[in-house]
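Heads up: numbering here begins at 1 and tracks the sequence. All values below come from the heavy atoms of this structure, side chains included, with hydrogens, waters and symmetry mates left out.
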Amino acid sequence: MTQTAIPKPQTPWGTSMAQRMATASLLVLAGVLAGGAIELTGLSGKLGFAAAYFFFASLLIFVQQLRLRDLAAAKDSLLSSFALLAMTMTLIPIVSIVATVVLKGYKGIHFGMFTNDMTQASVNDPVQAGGLIHALIGTIIMVGGALIVSFPIGLLTALYLTEIRGKLARPIKFLVQAMSGVPSIVAGLFILSILVIPVTQELTGLMGSLALSILMIPTIARTAEEMLLLIPNELREAGVALGATQWRTVSGVVVPAAKSGLVTAVILGIARIIGETAPILLVSGGADALNFNPMSGPMGSLPFYIWKAFLTGGTEEAYARAWGGMLILLILIFVLFGLARFLSGRKVA
């Protein structure tokens, strides 16, 4: 009894090795032509070479696809080239910013910066003197306080716009969109004029949290609204059909189903405020000492620490401190994003 050989699946639409080699040769030829364009035309520098290289590479691959296949494939290759260009232009500033912060910031990193504050040192002292524990703790406290205030308000606003849809839905949506464009210093001035000067007469971390919450609420509300709109209406109808009230359906079905989207709203809200400097300068005081009490006394923050090092410094040590603070702030953002991804990936009990 003979065994029947199982045919190997074929992929005639795939790119063969010969085609890959031909495309690689065209890319090399595009580099040569771009170099010639630099010598013969007014183009110069890396930017000129990149522009010429993109032009010649796109043209050569367009002609290749037109000869091997048809006009549709040639147009597809041209659009793919522009898509690759757009992706590259998006990644270049991101990679450049991260690389610059890492290369300049690691010089200001030392173990003592996580155990000391700046009460016994100035920004112009050696980098090993003092630290930023006061700024790190202050940032966490103020952002956490702003999140405690902003998340319930933003979520309830989104639920009103998506689930209740009352008469005030349109004006509330308009106000939320208008608040998204409020300059950060306006939020600081608002808290300064409404609470600090007439009521508390003291710069504290709580005032900083309230100023940041003004900037955070519209971001959370708009993002949460979009995420709640993605929940199928069938889930709402199923909850009502089982006899649940609207509030029970929203709290037990809709909100858990949108959990990952709500975590995304929190991420965007934190990213919106964690680097804000103007409102912090006006209402938090920016202390150099460690302060765990947001209700009393000035409180430092990483944006204030960086701003002060650049403004009042002028030495290599001051710049190293500022770049080190930026690196810590960037790492903190990455940690928050990782934590958010972990929480959004957990299953709803």
Using the test side-chain hydrogen bond (donor to acceptor under 3.5 Å, both in side chains), find all partners of Ser193 that sit at least two apart in sequence or belong to another chain.
none
Atom CD1 of Ile172 and atom CZ of Arg165: how far apart are they, to the nearest 0.5 Å?
14.0 Å
What residues, two or more places apart in sequence or in another chain, satisfy ring-ring contact (aromatic ring centres under 6.0 Å, His included) together with Tyr319?
Phe310
Going through the checks in order, is the side-chain contact (heavy atoms from CB on, under 4.5 Å) test met by Ile153 and Ile220?
CA-CA 9 Å; Ile153 297 176; Ile220 292 181; over 6 Å; no
Determine whether Ser122 and Asn124 satisfy the following criterion, side chain to side chain donor-acceptor pair (under 3.5 Å), listing intermediate values before the conclusion.
CA-CA 5 Å; Ser122 68; Asn124 295 317; 5.1 Å; no
Looking only at atom types and distance, does a side-chain atom of Asn291 sit under 3.5 Å from a main-chain N or O of Pro298, one as donor and one as acceptor?
yes
Which class fits the ring pair Phe49 and Tyr53: parallel under 30°, tilted 30 to 60°, perpendicular over 60°?
parallel
Nearest 0.5 Å please: distance from the CG atom of Leu85 over to the CE atom of Met87.
10.0 Å
Is the closest basic N to carboxylate O distance between Lys107 and Glu316 below 4.0 Å?
no
Results of side-chain contact (heavy atoms from CB on, under 4.5 Å) for Leu282 - residues two or more places apart only:
Ile185, Leu189
I'd like to know whether CG of Leu91 has more than 12 heavy-atom contacts from other residues, nucleotides or ligands below 6.0 angstrom.
yes
Could you tell me which residues satisfy side-chain hydrogen bond (donor to acceptor under 3.5 Å, both in side chains) with Asn116, sequence neighbours excluded, listed by chain and number?
none
side-chain contact (heavy atoms from CB on, under 4.5 Å) between Val253 and Arg236, worked out:
CA-CA 7 Å; Val253 177; Arg236 299 176 176 86; over 6 Å; no
In this structure, are over 12 heavy atoms from other groups packed under 6.0 Å from Tyr160 atom OH?
yes
Mind checking side-chain contact (heavy atoms from CB on, under 4.5 Å) for Ala271 and listing every partner two or more places apart, or none if nothing turns up?
none
Are more than 12 heavy atoms from other residues, nucleotides or ligands located less than 6.0 Å from atom CD of Gln120?
no
Can you measure from OG1 (Thr223) to CG (Leu228) and round to the nearest 0.5 angstrom?
11.0 Å
Excluding sequence neighbours, so at least two apart, what forms side-chain contact (heavy atoms from CB on, under 4.5 Å) with Ala73?
Gln65, Arg69, Asp70
For the atom pair CG (Leu132) and OG (Ser301), what is the distance rounded to the nearest 0.5 Å?
11.0 Å
Might you point out which heavy atoms bring Leu215 and Glu276 nearest each other, and give the distance in Å?
CD1-CG, 3.9 Å
How many angstroms lie between atom CG of Leu327 and atom CG of Leu103, to the nearest 0.5 angstrom?
10.0 Å
Less than 4.5 Å apart, any side-chain heavy atom of Arg321 and any of Asp125?
yes
Roughly how far, to the nearest 0.5 Å, is CG of Leu281 from CG of Leu203?
11.0 Å
With Val283, the side-chain contact (heavy atoms from CB on, under 4.5 Å) member among Leu210, Leu192, Leu195:
Leu192
